[in-house]
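I have placed the structure first, in the form of structure tokens, so that the comments after it can refer back to it.
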Amino acid sequence: MDMDMGTHMGTHMGTSLIIGHPGDPIAEAVAKLLEARNRPVARLTRWSDVRISFGSAPDAGLRSSLVMRAPRKEIPLEDISMVLYRGIPAINSKLSRRSQRYAQEEWQAALSVLTCWHGCPVLSSPFPDNPAGRGHYTTHAGWRARVARALEMRGLAPSSMSNLVAPTLGAYAVGLICNGPARVRDLEQARQGFELLSIRRLRSQRVPLFWIVGGAVVLEKTLDLRSGAVGDARFGDEAARFAEQCARIAGLDLGTLWLFPDPDDRWCLGGLDRFPPSHHLDGGEAVVAAAICDRYAGGAAATTTAAAAAAAANGEATPLHGGDTWS
Amino acid sequence: MTRTILCVGFLSDPTFQHSVRIFGERARRPPLIVDLGAARRGFWAHHEEGSASCRIRTSQVDLTLRDEDVSLYQRIMPVMHGCRAGTRSWRGFKLAHYVFERLLDAQFFSVVVNPLMAGWNNGARPIHFRFLAQLGFRIPPWLVTNDPAAARRFVAEHGGDVFVKSVSAHRTIASRFSAVHARGLESLPNSPTLFQKAIHGPDVRVHVVGDQCFGVRITSPAEDHRHPGSCPVEYAPTEVPGEVAALCVKATRELGLVISGIDLRICERTGTWYGFEANPTPGYAHYDRHLGGQIAGALVEYLERPPAPPHRDEPRPRPDGRPQADPDRAPLAG
């Protein structure tokens, strides 16, 4: 593991763990900002750089005793205060493809204990509340329906799900597959009965896109549903507040939402994305990174207690079975 | 009011086939059957948000349904016996499954056995063990590690009497730690693995439907009775002690399930019941045949006259076992 730990450790100011590919704009911006603020941060780009051990107590009951190890440093899992996923680390390329897929599932299942055991926020987790990799709803359509029910927006949500009714011509009509705007191939598959669309007319192909951190809007953009291009814009407080309501209902800690207005000019949820592409940042990575650090990594001021520093110095965090087992 | 049972699944799945047969025999109204296996040429659906009706069409059926009239029994795992991966039929099956899953995700149906994402923590054994332990199940000691030295210490601590399993829900054959595993520990760093102390004694599989429990005792010299090889396997209906039955019902309810299959083992030395897993998509056909169809019969009762219609978005247990907050006012992550 490529490690860069600050001089402080302990629950008051724990370590932020950034998992994924090097070069990701958000990962790089967050790491840089944390280092500038003298916050402990660890980067994980390859699973082979990590040793992990945790288990139950031999007696009745369960004890969480989790340790992640690096070649040079040891981080008790209870000291990790934030995990940011920006991609999936590489697996040993000498394994067969089938073994690599299996190993990835095993790693993700193992790391899911971080959020489920210690209440540690795991941003853009491959499994927000499901170790199998799927959220409460698998599709935007499910989230749209969920938001509509929660906000009692009867007749407002666009989920007329169908592959029996083709998109109509005229005013710009967007066919939404469950996870995004429909392309020609999706429409063709729907006609064959192999895709399901939500069909909606829109006045404009440009819709508001909001970056969300911790349920709050931190960045506003426009998204062109036809081209996928992203640009600057502001849509006013009402749109932002509605986006935040949707984010809260969806439990979105990091990601994007896009909205569109209904014929009565009320905002509707178009879709949400827990793993938005980097180009949707459109130069806003510093803003998003700052929001992540402020919300999840202790804020701007680097402080620690004397007790926490002493605990770190004494190496009180011990592995499950003691000793250096790195080989 | 008695609802009609709508069955959606693959008739090549033995459990779905068994259930459809029992439903046909015991339900007050003939069940509606949508075989996704026959939908390999396409699956069409239409549902307007806010509308009480939905239309489903395949090459075999064309149904217009009202949510208040039907209860959905779904087994949409693409179990496609006799169909090779990569073939045109297989691709058709997968796509039909995908389309129906999307419809299900929009939650048109208010009564579903089992809801799509219920029982999710079964996907990571450590979380699942913790969940079961917090409910009151006894769980044999276990370790997840990719550290060969840690694995050796755990095996030594338990006298070498340890089982090796996957950490995720990936289906594997649980096997006793052996010289082969010892030699393979050097490749352990590639992937965390679950090691668990062996408990010796008969298995008991408990199927829960609502608040009813149906136990079957399984006796076999095989390490994993699901893959016995040439070893004999004996099945016999068995009573489940009240305390254990209550735990099974509670686990099923907490997971948001209507039916579950819970794997237990009785320690032959102490008589203690140990829990291993609450399966959200149990394959119960074989067990139900030894029970005279009681499991499927209980499903008929539930589906025809479900308890008070559940709220679609009822709070589900938090992964860490703490009380769930109102999802509409859920605290922000972190």
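Side-chain atoms are counted along with the backbone in the values below, which use heavy atoms only and exclude waters and symmetry mates. Each chain gets a letter, A, B and so on, in the order its sequence line appears, and its residues count up from 1. Please read all numbers here as calculations on a predicted model, not as lab measurements.
The candidate with the highest count of non-hydrogen atom pairs below 4.5 Å against chain A, out of B:Asn190, B:Thr145, B:Asn146, is B:Asn146.
In this structure, B:Phe195 has its ring center no closer than 6.0 Å to that of B:Trp142.
With salt bridges taken as basic N to acidic carboxylate O contacts below 4.0 Å, one links B:Asp62 and B:Arg55.
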A:Asp253/A:Val213 under side chain to side chain contact (heavy atoms under 4.5 Å, CB included): CA gap, chis, key distance, verdict
CA-CA 5 Å; A:Asp253 47 23; A:Val213 174; over 6 Å; no
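With a threshold of 4.5 angstrom between heavy atoms, A:Leu95 approaches chain B through side-chain atoms but not through N, CA, C or O. For chain A, no part of B:Arg152 is nearby; none of its heavy atoms comes within less than 4.5 Å.
In this structure, B:His128 contributes its side chain and B:Ala278 its backbone to a donor-acceptor pair below 3.5 Å.
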